[in-house]
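Written below as structure tokens is the structure these notes are about.
In this chain, numbering begins with 1 at the start of the sequence shown.
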Amino acid sequence: MTSPVALIIGASRGIGRQIALTFSEAGYKVGIAAKTVENSDKLPGTIYTVSDEVEAAGGTSLPIICNVRDISQIANAVEQCKDTFGRLDLVIYNAGAIMWKKVIDTPMKRFDLMSEVNIRGAYATIQHVLPYFLERKQGRIILVSPPIYSRFFKGKIPYSVTKAGMTILTHGLGHELQHSGVTITSLWPATVIESQVTLMKDVSPRLMRKANIFADACLKIATDDNTSRINGQALIDEDYLRLRGIHDFSQYRCHFEHEPPRMIPKNFPDLRVGEEDEKKNIVNQSKL
């Protein structure tokens with residue numbers, strides 16, 4: 001049987017790197033896509049170093065240069081995976097740009113960057129991969145984006161606009177994909193996840209979990225036969241893993257004695273309304 005194939009966009013370090021390693025260990029061939037091709041002290045890790053790690057562990061990988069601000073490079077990443085491995089089963093969009101500041105302190109140049117990398121890049125990825133998945137009547141899409149709730153916006157509205165837009169894609173497209181064999185899911189961590197940013201900011205290990213928890217949740221989504229549990233849903237890594245039967249999270253601690261505090265609420269608002277299934281077509285109605 002041919003091995004399944006996963007494309008991880010934003011995979012040169014941190015969560016994306018761990019996703020690539022976890023999926024490879026599970027038998028997937030992995031496309032490792034990102035724009036970083038040279039190591040630096042500020043941003044250690046490249047598509048080639050991650051690819052080497054996968055190969056050293058006995059896996060099969062394909063490093064792909066991909067700046068998500070260039071739509072043609074996103075298309076190329078998808079096509080390279082299909083051409084090299086003969087198939088594509090899953091795409092995880094982990095690329096992201098971040099700046100946690102208020103509207104008045106966020107220049108347009110920075111807002112444009114976040115918009116292009118976060119929502120526009122995710123949209124372009126979906127547009128390119130969706131026809132292939134629908135033709136095959138199978139495929140999984142995972143976006144790294146949060147549930148929509150008001151507290152998330154505080155102090156970082158510009159960033160939140162671009163991340164919430166990704167989650168709207170998940171909720172909306174989930175309706176369109178019902179019974180198609182294709183699913184889309186948003187996933188977000190319950191706690192701070194160890195990354196290059198947390199190392200640079202000197203965040204205490206007591207406050208963080210390893211990236212393995214997020215990668216494990218992605219893998220569980222990829223193999224979940226209960227599509228109603230994942231399609232169109234904005235999930236939290238810990239909560240979803242609990243649904244899948246995992247209850248001991250000590251293995252994910254960065255400090256072996258301390259369970260990190262949860263930064264995400266336990267309950268989220270239901271965005272559905274009583275008239276959820278009503279269809280109103282006012283665009284083509286004649287003027288009275």
Applying the 4.5 Å side-chain criterion to the ILVMFWY set and letting contacts propagate, would V144 and I141 be lumped into a single cluster?
no
Evaluate the criterion side-chain contact (heavy atoms from CB on, under 4.5 Å) for residue pair I119 and L169; output intermediate values, then yes/no.
CA-CA 9 Å; I119 179 61; L169 272 175; 3.7 Å; yes
Do side-chain atoms of D239 reach the backbone of K266 as a donor and acceptor pair under 3.5 angstrom?
no
Among residues two or more places apart or on two chains, list those pairs meeting salt bridge (Lys or Arg N to Asp or Glu O under 4.0 Å) that have a residue in residues 70-85.
E79-K82
What residue pairs, at least two apart or across chains, pass salt bridge (Lys or Arg N to Asp or Glu O under 4.0 Å) with a residue in residues 3-32?
R17-E53
Only pairs under 3.5 Å count here: list side-chain donor-acceptor contacts from residues 198-207, not counting sequence neighbours, and write none if there are none.
| residue | atom | partner | partner atom | Å |
| --- | --- | --- | --- | --- |
| T198 | OG1 | S195 | N | 2.8 |
| T198 | OG1 | S195 | O | 2.8 |
| S204 | OG | R206 | N | 3.2 |
| R206 | NH1 | H258 | NE2 | 3.1 |

Distance in Å, Y149 OH paired with I264 CD1, rounded so as to fall on 0.5 Å steps:
3.0 Å
Can you tell me how far apart CG (L243) and CD1 (I236) are? Round to the nearest 0.5 Å.
12.0 Å
Residues which pass salt bridge (Lys or Arg N to Asp or Glu O under 4.0 Å) with R229, listed by chain and number, not counting sequence neighbours:
D224
Pairing residues for D248 by the salt bridge (Lys or Arg N to Asp or Glu O under 4.0 Å) criterion, not counting sequence neighbours
none
Once side-chain hydrogen bond (donor to acceptor under 3.5 Å, both in side chains) is applied, do any residues pair with D237, and if so which ones, sequence neighbours excluded?
none
Which residue pairs satisfy the ring-ring contact (aromatic ring centres under 6.0 Å, His included) criterion with at least one member in residues 191-222, sequence neighbours excluded?
none
Give me each pair satisfying ring-ring contact (aromatic ring centres under 6.0 Å, His included) with a member in residues 175-194, each pair once, sequence neighbours excluded.
F152-W188
Looking at R209 and E194, is there a salt bridge between them, counting it only when a charged N and a carboxylate O are closer than 4.0 Å?
no
Any ion pair linking D89 and R87 (charged N to carboxylate O, less than 4.0 Å)?
yes
According to side chain to side chain contact (heavy atoms under 4.5 Å, CB included), who are the partners of [X], at least two apart in sequence or on a separate chain?
X	value
R69	N67, L113, E116, V117
N212	Q18, K210, Y252
I98	W100, Y159
E55	S51, S61

Applying the side chain to side chain contact (heavy atoms under 4.5 Å, CB included) criterion to I47, which one of L62, I64, D52, V37 satisfies it?
V37
Checking side chain to side chain contact (heavy atoms under 4.5 Å, CB included) against R140, which of I230, V91, I92, N231 comes through?
I230
For atom OH of Y123, is the number of surrounding heavy atoms from other residues, nucleotides or ligands below 6.0 Å larger than 12?
no
Kindly check if the number of other-residue, nucleotide or ligand heavy atoms within 6.0 Å of CG (N267) is above 12?
no
What I'd like to find out is whether the side chain of I9 reaches to under 4.5 Å of the side chain of N94, using heavy atoms alone.
no
Counting C-beta onward and ignoring hydrogens, is there a side-chain heavy-atom pair between L241 and F249 closer than 4.5 Å?
yes
